[in-house]
Each structure stands twice: as structure tokens, then as C-alpha cells.
Asks: 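The following block contains the structure, expressed as C-alpha cells.
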Amino acid sequence: MPLRGLPSIDRLLNADAGRALVAAHGRGPVTRELRLALETLRAEALAGDALPADAAGAVLSAAAAALTRPDPLRPCLNLTGTILHTNLGRALLPEAAIRAATDAMRDAVALEFDLDSGGRGERDDHLRDLLRRLTGAEDATVVNNNAAAVLLALNTLAGGREAIVSRGELIEIGGAFRIPDIMARAGATLREVGTTNRTHPGDYRAALGPQTGVMLKVHTSNYRIEGFTSEVPAATLREIAAEGSEVPVLNDLGSGSLIDLSRYGLRREPTVAEAVAQSDLVTFSGDKLLGGPQAGFICGRADLIARINRNPMKRAMRLDKIRIAALKAVLELYLDPDRLIETLPTLAMLARPRDDIAAQAERLQPRVQQAVGAIGFQVAVCDCASQVGSGALPTDTLPSAGLALTGPGGAAPQQLAARLRALPVPVLGRIASGALILDLRGLRGDDRLIHALTGLAP
Ligand SMILES: *Cc1c(COP(=O)(O)O)cnc(C)c1O
């Protein structure tokens, strides 16, 4: 019976190597990993494999490997060319926000406490005035993310009633955010109007009635309908409401920018302030074009914000002190838009001129060649195209430059990509036409890449 050759947990914990693991990682985690490694060995033995000669040694080294496996959540270099990469955590925060967040983490802060009176304060007070100034809204509130903002606003305005939406705006955002599903969970009945490509003011008028709770406008953020199209702007929906129904217009901007991005060579999208001027409520994300932490803003009419604040659902979506501190620091940067390009990493990366990136690629080429030459890869400067990501400006690409890494004898770039992902600071590129492309738009400082690559052993 081969299973008899398996060591006991006790014996493993008392071996020298076992004691060293316990000293480094604690008894609980070590015992767990030893058990898992033992189980694997037992299963292999039952399947007919011979036990290794030194079964105890094998189990101990398997446990040691598991205990020292690098943290998947460790910082990595996003050279994919997608600046707001949802799967990589979207916006990188400015230093001011990082400081504010860590300060708030370390100590107590007057989150819902009025330091002047010593009485109760409100969590939203820390952001309300800033948001009013930056968006022109009468009032504002903030929740966990924009999906929550839309859900909360719909539930408040149209729970048990109808929400009118154009068929051209029934969008799906990645990660199972679909307007019809959100609508159902918000307790609102979806009232679709118009067609996929064309919706007219008369379509909304015909659908309006005593059962209507809201007219919803959704920014088609991750696609564009082109050709024979027409949509009804929020301002027109407001005019329709003013004909008597007074139904509020909710405008989900998705990304939403506080500034005119055309100033930085990006496509001009309506700003939050413009949307606020034309709608009753506007929702948008904190970690898309705004460049802050994950959050969802609701800005607009004070009476509607007051209704939202009374909705018990809001309590389940509220922000903690860490994110409020970070958001406040990010919003404060917007008070000085002239310096935003230096202070806000998202904007700095999106607005980086191609020539600047190309110069960095030329500078880095010999150094990167030296680092990956050891494993036989060739490095060439290349042109590439970045994108904003997170569904913002979906059809636009930003001319960029980078490094194209190709393997010896046409070795699969997937292989090199895997090696770069396994580094202590993973380097993430994208594979295109047989090469691994490192788009340098997202690289802040040459040395970070070189340091990351020194971890590459032949
Ligand atoms: C991204 C997006 C959302 C969801 O926002 P999150 O902040 O990711 O929750 C909702 N609506 C639109 C139009 C979006 O683009």
C-alpha cells in the first residue's frame, strides 16, 4: 500500500524546513498548505503514480512554493495601450489622492461629524460643494460606482412605475451591466420607444403618461450608431416634460468628463456641466475619464437628490472614508484645470503626444534589448495605437509608440508575454501581428520598465 509512505502533518511541521516555514508564515497557513500538498500526493498515489523517494521533502517544498507565490494583486505595468483598463483597475490615482486616502486610513476623520458644532455631519458634505462648483448642479451625492448610481436613481424616480428609454440606448456595459436588467432590479418597468437607429420626440410623447416615472437617456459609451440615425437630446426631453408631465430626465453619461477634452486633442464629448444644464439628474463614474477611484456620482436638481438620499437603498451603496478622501483630493485638482495635465495621471497619459512616447521608445530600445536579449528576443521601436478604455471614446484611437518584441525563429509571443506576466512587477503588453507590443503611453518613467525586466533570468 503506497499511501503508507506519506508523512504526517505533525512530522512535517516538526521537520527543520517545516519549522522555518512556520516561523515565516505562521502555523495556520503552513498547516493548510501542507494538507493541500499531501492531498495532491495522495491523489496521485491512488491514481497509480509512485511516491517520490523523499515524500516529506516534496510536500514541504510544494507548501513552501505555495506560501511564497507572489501576490496576484501586486502592482504591475499596464503597457497594453488601454489606459482605463477595467480588468487592471482603471484609473491610476494622483499622489494627492493617495496621500489623502492613506491619511484617512490611519486615523479617525470627521466623516459624519461637524467639527464646528461638535454635532452630526453628513458624509456627502465633503464632496457636495466641490461637485456643485465643478458641474453647476444644485446638489450631488456619491455612491459605490456608476452602476449603483443608475440603479439608485432609477429605483427612486421610477420604482413601481415606467422608465422610458430609446431602443438605441438599451446598452450593455462589460460585466453584466445591462439597462433592461438594471431597470428590472430597480423595480421599474422598461418602456422602450423608437427603433435601434432612430428615435424621435414623438416617440417619447406617445409613451408618456401618469405611469411614467422618468425619461432615461443613456450615453452609448462603448459603441456608436452611424448612418441613418437620430436621437433625442436630453434638452429636448426636458422640453417635452415641460409640456405638462414634468417627468424628470435622468442622463447616464457613463464616463463623463468634467472638462472639455478637445483641449488635449481628444474627441469632444459633452461635459458633465453641459449634461447637468440639460437634464434633471446626471450620473457618471469616478474611475473612468475623471481619473479617480471607483465611485458613481449623481448630480442635479436638489429636490431629486433629496429623494435619492431618503431611499434606504442608498445606505447599501455608500462610500467609506478612504474613497471620500481620495475623491475629494481628485476633485480639488479640477479646481485648477490649467495644471491638471501635470497633476492627474489619467489625463497626462491620455494627452501624451505621440512624439514624446516615440522618443521614450527610442531611448528604451537598447536597454530593453539588453534585458530581453538574454532570452533571445529582439526589440524594435514601433508605432501603435492606444485607446482610452472603459467604454470611453470607443471608436477613437490615440496614435502612440512602443516596443515590439519578437522571439527567436518566430517563437510565439504568447510565451514571452507569459514570462513578463510572471515577473515580480508583471509587465503587461498586447499581442499583435506575431509580436508582443509594449505601448509606452502608460509608462511613467523609463526606469520602472528596466527595473521590472531585470527580473528576467535566461
Ligand atoms: C461604465 C458605464 C456604466 C457603469 O459604470 P461603473 O462605474 O463601471 O459602475 C454605466 N453606464 C454607462 C453608460 C457606462 O459607460
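Atoms within a ligand are numbered from 1 in the order they appear, just like the ligands themselves.
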Asks: At a 4.0 Å threshold, what atoms of ligand 1 neighbour a non-hydrogen atom of R90?
Replies: 6 (P), 7 (O), 8 (O)

Asks: Can you confirm whether the side chains of N197 and T229 place a donor and an acceptor under 3.5 Å from each other?
Replies: no

Asks: Does the side chain of Q360 pick up a donor-acceptor pair with the side chain of R352 at under 3.5 Å?
Replies: yes

Asks: Can you tell if the side chain of L443 reaches within under 4.5 Å of the side chain of L364, non-hydrogen atoms only?
Replies: yes

Asks: Using a 4.5 Å cut-off on heavy atoms from C-beta on, say whether the side chain of N251 contacts that of D280.
Replies: no

Asks: Any heavy-atom pair between the side chains of C299 and L281 that's under 4.5 Å?
Replies: no

Asks: Regarding R198 and the six-membered ring of F228, is the cationic atom NZ or CZ under 6.0 Å from the ring centre and inside 45° of its axis?
Replies: yes

Asks: Kindly identify the option in T86, N146, T220, V150 whose heavy atom sits closest to atom 3 (C) of ligand 1.
Replies: N146

Asks: State the atoms of ligand 1, each with its element, that fall below the 4.0 Å cut-off from a heavy-atom position in F177.
Replies: 10 (C), 11 (N)

Asks: Mind checking whether D252 has an N or O less than 3.5 Å away from an N or O of ligand 1?
Replies: yes

Asks: Counting from 1, what ligand 1 atoms have a heavy atom of H219 closer than 4.0 Å?
Replies: 13 (C)

Asks: Tell me the protein heavy atom at minimum distance from atom 15 (O) of ligand 1, and give that distance in Å.
Replies: S221 OG, 2.6 Å

Asks: Show the atoms of ligand 1 that are less than 4.0 angstrom away from any heavy atom in A147.
Replies: 4 (C), 5 (O), 6 (P), 9 (O)

Asks: In terms of atom number and element, which parts of ligand 1 are under 4.0 angstrom from non-hydrogen atoms of S285?
Replies: 5 (O), 6 (P), 7 (O)

Asks: Where's the contact between K288 and ligand 1, heavy-atom distance under 4.0 Å: side chain, backbone, both or neither?
Replies: side chain

Asks: Relative to the heavy atoms of I171, which atoms of ligand 1 are at a distance of less than 4.0 Å?
Replies: 13 (C)

Asks: Just do the salt bridge (Lys or Arg N to Asp or Glu O under 4.0 Å) check on R268 and E274 with the steps written out, would you?
Replies: CA-CA 12 Å; R268 169 149 175 76; E274 286 161 3; 2.6 Å; yes

